[in-house]
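Some notes on the structure that comes next.
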Amino acid sequence: MSLQIYAGNLSYGMADESLKTLFEKFGEVSSAKIIRHQDTGRSKGFGFVEMPNDEEAEKAIQGLDGSEVDGRNIRVNRARPKRNE
DNA sequence: ACTGAGCGA
């Protein structure tokens, strides 16, 4: 149904929408979110993106992994199951 | 947290 993608080494200023926009260059994005601390609410520097189309997702991974975003080379890969999926 | 390796409930 969807492929979940891990995006790390993001700038702390990266917003969910910005992350989504990045992946939308390669295809449809159903959701994108930055993981942040509960207390402070600030970014942890990584996030997750969900793409319905597998081939687009892999293209996005290849296309975005190592690419420079906001001055940093981001890390993109398939996400591990967070708990059970 | 003003930072910097990280895979989230």
Side-chain angles (χ1 to χ4, degrees):
Chain A
M1 286 167 63
S2 61
L3 199 163
Q4 295 193 259
I5 303 166
Y6 163 80
N9 202 46
L10 304 173
S11 83
Y12 291 141
M14 175 73 67
D16 295 13
E17 51 188 281
S18 302
L19 185 63
K20 182 175 182 179
T21 301
L22 280 178
F23 282 81
E24 280 179 334
K25 298 175 190 170
F26 294 85
E28 184 181 349
V29 175
S30 47
S31 69
K33 72 174 177 182
I34 300 291
I35 306 304
R36 14 197 166 73
H37 298 276
Q38 299 183 328
D39 304 347
T40 66
R42 288 175 177 76
S43 171
K44 285 185 179 177
F46 69 91
F48 293 93
V49 179
E50 188 176 343
M51 296 183 73
N53 191 317
D54 253 41
E55 48 185 291
E56 289 179 351
E58 292 186 47
K59 272 196 272 185
I61 292 172
Q62 295 177 56
L64 290 174
D65 185 33
S67 67
E68 185 177 299
V69 178
D70 196 35
R72 287 154 187 88
N73 280 3
I74 67 173
R75 291 308 165 202
V76 180
N77 251 314
R78 277 183 247 163
R80 302 172 180 175
K82 62 182 168 185
R83 195 170 184 183
N84 187 16
E85 274 194 78

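Computed from heavy atoms alone, side chains included, the values below leave out hydrogens, waters and symmetry copies.
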- prompt: Donor-acceptor pair, A:Asp65 side chain versus A:Val76 backbone, under 3.5 Å?
  reply: yes
- prompt: Looking for any heavy atom pair under 4.0 Å, which part of the strands does A:Arg78 touch: base, sugar-phosphate only, or nothing?
  reply: base
- request: Enumerate the residues from residues 52-65 of chain A whose closest heavy atom to DNA chain B is under 4.0 Å, giving them by residue number; use none for an empty result.
  value: none
- request: May I ask you to say what A:Ile34 touches in the nucleic acid, namely base, sugar-phosphate or nothing, with a heavy-atom cut-off under 4.0 Å?
  value: nothing
Show me the side-chain donor-acceptor pairs of residues 17-25 of chain A shorter than 3.5 Å, one per line, residues at least two apart or across chains.
residue, atom, partner, partner atom, Å
A:Thr21, OG1, A:Glu17, O, 2.7

- request: Take A:Gln38 and A:Lys44, find for each the nucleotide of DNA chain B with the closest heavy atom, and name the residue whose nucleotide sits nearer the 5' end.
  value: A:Lys44
query: Does the aromatic ring of A:Phe48 sit over the six-membered base ring of B:dG8, closer than 5.5 Å centre to centre and tilted less than 30°?
result: yes
- prompt: Expressed in angstrom and rounded to an integer, what is the separation of A:Asn73 atom CG from B:dG4 atom C1'?
  reply: 14 Å
task: Could you state the atom-to-atom distance from NE2 of A:His37 to P of B:dA9 in whole Å?
output: 11 Å
field: Distance in angstrom units between A:Gln4 CD and B:dA9 C1', rounded
entry: 12 Å
message: I need the CD1-P distance between A:Ile35 and B:dG8, as an integer number of Å.
response: 8 Å
Throw together a table of side-chain donor-acceptor distances under 3.5 angstrom for residues 47-55 of chain A, partners on residues two or more places apart or in other chains.
residue, atom, partner, partner atom, Å
A:Glu50, OE1, A:Ser31, OG, 3.3
A:Glu50, OE2, A:Ser2, OG, 2.8
A:Asn53, OD1, A:Glu55, N, 3.1
A:Asn53, OD1, A:Glu56, N, 3.4

query: Once you round it to whole Å, what is the distance between C1' of B:dG6 and CZ of A:Phe46?
result: 6 Å
- request: Starting at atom CE of A:Met14, determine the distance to atom P of B:dG6, rounded to an integer number of angstrom.
  value: 18 Å
statement: Rounded to whole Å, the CZ-C1' distance (A:Arg80 to B:dG6) equals 10 Å
query: Between NZ of A:Lys33 and CZ of A:Phe46, what distance do you get to the nearest 0.5 Å?
result: 10.0 Å
field: A:Arg42 side chain, from C-beta outward: closest of B:dG6, B:dG8, B:dC2
entry: B:dC2
task: Check if the side chain of A:Arg72 and the base of B:dG4 share a donor-acceptor pair of N or O atoms closer than 3.5 Å.
output: yes
statement: Closest non-hydrogen atoms of A:Leu3 and A:Arg78, given as atom of the first, atom of the second and distance, are CD2-CG, 3.5 Å
Side-chain-base donor-acceptor pair under 3.5 Å for A:Tyr12 and B:dG4: yes
message: Nearest whole Å is fine: how far is B:dG6 P from A:Tyr6 OH?
response: 7 Å
query: From A:Asp16 CG over to A:Ile35 CD1, what is the distance, rounded to the nearest 0.5 angstrom?
result: 8.5 Å
message: Closest-nucleotide mapping onto DNA chain B: is A:Ser43 or A:Ile5 further toward the 5' terminus? I mean the 5' end.
response: A:Ser43
- prompt: Heavy atoms under 4.0 Å, any strand shown: does A:Gly8 hit a base, just sugar-phosphate, or nothing?
  reply: nothing
query: Once you round to the nearest 0.5 Å, how far does CD1 of A:Ile34 lie from CZ of A:Arg42?
result: 15.0 Å
